[in-house]
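Worksheet: one structure, shown below.
Chain identifiers are assigned alphabetically (A, B, ...) following the order of the sequence lines, protein sequences preceding nucleic acid strands; residue numbering begins at 1 within each chain.
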Number of protein chains: 2
Amino acid sequence: MSGMTSGGTGDEPIVYIVDDDDAMRHSLEWLLTPLGLAVRSFASADAFLAEHDPGRTACLVTDVRMPGMSGLELHEELVRRGAVLPVIVISGHGDVPMAVRAMRTGALDFIEKPLNNQLLIERIQQALRLAHTRREETRETDAIRARLAALTAREREVAQLVAAGKQNKAIAHVLGISLKTVEIHRHNAMEKMAATTGADLARMLTLVGGVG
Amino acid sequence: MSGMTSGGTGDEPIVYIVDDDDAMRHSLEWLLTPLGLAVRSFASADAFLAEHDPGRTACLVTDVRMPGMSGLELHEELVRRGAVLPVIVISGHGDVPMAVRAMRTGALDFIEKPLNNQLLIERIQQALRLAHTRREETRETDAIRARLAALTAREREVAQLVAAGKQNKAIAHVLGISLKTVEIHRHNAMEKMAATTGADLARMLTLVGGVG
DNA sequence: AGGCGGTTAGGGGTTAACCCCTAAGCCGCG
DNA sequence: CGCGGCTTAGGGGTTAACCCCTAACCGCCT
């Protein structure tokens with residue numbers, strides 16, 4: 001469930017900025033762009049949610065206090081949506097409970113204004129590295145999921161039983177079909193999944209959560 | 001690397017309290033004990049580090065400001081030591097950076113004084129549930145590690161190659177020994193590891209990080 | 001010196017996995 | 001209606017895995 005949105009090759013990392021304050025957005029753009037970072041900024045959480053590309057290697061820098069949806073609510077909404085992009089929350093009038101809430105939601109950091117530019121840049125670079133790592137980690141599982149989706153229903157059933165270490169005979173008994181048929185499905189599944197051995201198949205399915 | 005300390009059966013969860021303020025410690029004891037919770041309190045981080053049982057299902061409630069090692073330093077030291085117990089940090093004079101630091105270190109929560117007893121109890125119960133879950137998760141891997149340690153060097157080598165999906169013939173070639181010998185080691189390894197199939201073995205070794 | 005655990009190796013047989021080929025019934029789509 | 005994809009199934013052969021038994025060599029400890 002990641003990385004299969006917006007097929008473009010746009011793989012350079014991007015920094016999303018969400019802040020209702022025009023001056024702050026521009027100031028951040030002026031700070032980050034010279035570093036060779038791609039920046040895309042939004043004046044509201046809704047604008048960000050509507051227009052950003054969830055499939056991209058990116059991080060988000062969001063202010064807390066904004067008209068409409070707050071930065072914290074935006075963060076929580078992203079988590080609800082299963083987003084994986086690292087989030088840095090900034091705030092002009094933050095307090096401890098607010099910071100704790102942001103961190104519990106999974107923010108990489110909660111930074112108070114006035115911003116320490118050096119610290120912010122460091123965090124953003126850390127966030128992008130993290131985004132890249134997560135992307136790498138999901139790359140293989142995405143490929144596996146894609147191949148898994150190409151299996152027929154029967155092949156998937158057989159594949160799961162194979163991955164569980166059952167032998168063909170047992171699988172045939174469980175599914176109420178012939179040993180020969182199991183061998184066919186097993187072979188097709190292994191081929192479609194590009195698995196060399198049964199252990200390979202098992203590894204792939206557990207990576208994807210095929211056991212449940 | 002967990003749960004193999006202090007062999008006692010003491011499996012009822014315990015709440016560790018670290019605070020230099022006698023009144024606060026006693027107040028927490030009086031709050032928690034009536035709930036049926038085992039409580040053990042310490043007046044300093046050093047005392048806690050010296051006397052607590054790292055193998056136990058437990059959580060830690062620690063104040064930040066204390067003579068000697070602070071609560072944050074204690075938390076960081078525990079993380080360095082690979083501890084897995086959930087930590088709740090409480091503070092009378094906390095600020096945002098302090099809260100962020102605690103949360104980044106992995107605290108479950110950072111709570112300001114005066115304490116909201118109901119909230120604290122809730123968090124402690126959540127922490128103990130989490131500790132229990134983590135313990136369950138490490139229980140199997142601990143058992144696997146123990147069985148793995150009972151293998152001879154040769155058996156471990158063979159087991160890893162088996163788990164990698166290699167067939168006996170290939171393993172024999174790699175190790176420069178006879179197919180027969182591989183079969184013996186394989187059989188012994190499977191028996192000692194209580195694995196029914198090669199896939200089982202693979203699962204165990206990856207759980208323990210046997211591939212890395 | 002004898003015993004014990006680890007490593008090595010073979011004989012011989014059974015079962016399971018894998019490979020190639022054929023083939024039939026079913027269902028949807030052009 | 002025929003074609004293709006999915007599922008079903010068998011024949012027949014090769015290879016690999018698994019099981020039981022014997023047996024040698026080495027190092028270490030009693």
Side-chain angles (χ1 to χ4, degrees), chain A residues 4 143-208 210-212, chain B residues 4 142-208 210-211:
Chain A
M4 23 182 78
I144 293 172
R145 254 183 276 264
R147 278 174 285 171
L148 194 60
L151 295 185
T152 67
R154 215 46 163 167
E155 284 163 355
R156 234 190 317 280
E157 279 183 299
V158 172
Q160 279 172 348
L161 292 167
V162 168
K166 308 255 184 240
Q167 40 194 168
N168 294 352
K169 197 176 160 190
I171 296 172
H173 183 256
V174 169
L175 297 183
I177 57 182
S178 152
L179 173 63
K180 266 312 187 193
T181 310
V182 172
E183 285 179 340
I184 303 280
H185 289 318
R186 175 180 189 140
H187 176 261
N188 289 338
M190 298 274 288
E191 189 157 298
K192 286 185 184 174
M193 295 299 291
T196 57
T197 70
D200 234 40
L201 227 196
R203 188 187 55 81
M204 290 181 187
L205 292 199
T206 53
L207 264 181
V208 162
V211 184
Chain B
M4 22 181 79
D142 281 353
I144 293 172
R145 254 183 276 263
R147 277 174 286 171
L148 195 58
L151 295 185
T152 68
R154 216 47 165 167
E155 284 163 357
R156 234 189 318 280
E157 280 184 299
V158 172
Q160 279 172 348
L161 291 167
V162 168
K166 309 256 181 237
Q167 38 194 172
N168 294 352
K169 196 175 159 190
I171 296 172
H173 184 258
V174 169
L175 297 183
I177 57 182
S178 152
L179 173 62
K180 267 310 186 192
T181 309
V182 172
E183 283 179 343
I184 302 281
H185 289 318
R186 175 179 190 142
H187 176 260
N188 290 337
M190 298 274 287
E191 190 158 296
K192 287 185 185 175
M193 295 298 292
T196 57
T197 70
D200 235 39
L201 229 194
R203 187 187 55 80
M204 290 182 188
L205 292 199
T206 52
L207 263 181
V208 163
V211 185

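Applying the salt bridge (charged side-chain N to carboxylate O under 4.0 Å, His left out) test to every pair with at least one member in residues 195-208 of chain B, sequence neighbours left out, gives these pairs: B:Glu140-B:Arg203.
Only A:Thr152, A:Ala153, A:Arg154, listed by number, bring a heavy atom of residues 149-157 of chain A to less than 4.0 angstrom from any atom of DNA chain D. Listed by residue number, A:Ile177, A:Ser178 are the residues of residues 169-178 of chain A with a heavy-atom contact under 4.0 Å to DNA chain D. Within residues 179-195 of chain B, the residues approaching DNA chain D are B:Lys180, B:Glu183, B:Arg186, B:His187, by heavy-atom distance under 4.0 Å.
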Show which side-chain atoms of residues 163-190 of chain B pair as donor or acceptor with protein atoms under 3.5 Å away, not counting sequence neighbours.
from     : atom 1 : to       : atom 2 : distance (Å)
B:Asn168 : OD1    : B:Arg186 : NH1    : 2.3
B:Ser178 : OG     : B:Lys180 : N      : 3.0

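The shortest side-chain heavy-atom distance between A:Val158 and A:Leu161 does not fall under the 4.5 Å cut-off.
By the side chain to side chain donor-acceptor pair (under 3.5 Å) test, A:Arg154 pairs with A:Glu157, sequence neighbours left out. Taking B:Glu155 as the reference, B:Thr152, B:Lys192 meet the side chain to side chain donor-acceptor pair (under 3.5 Å) condition, with sequence neighbours excluded.
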Look for any protein N or O under 3.5 Å of an N or O in nucleotides 24-27 of chain C and output each such pair with its distance, or none.
none

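Using a 4.0 Å cutoff to heavy atoms of chain A, the contacted part of DNA chain D runs 5' to 3' from D:dC6 to D:dG12.
Computed from C1' positions of five pairs at each end, the angle between the two local axes of the helix from C:dA1-D:dT30 to C:dG30-D:dC1 equals 30°, rounded to 10 degrees.
Separation of atoms CG (A:Leu148) and CE (A:Met193) is listed at 4.5 Å; rounding is to 0.5 Å.
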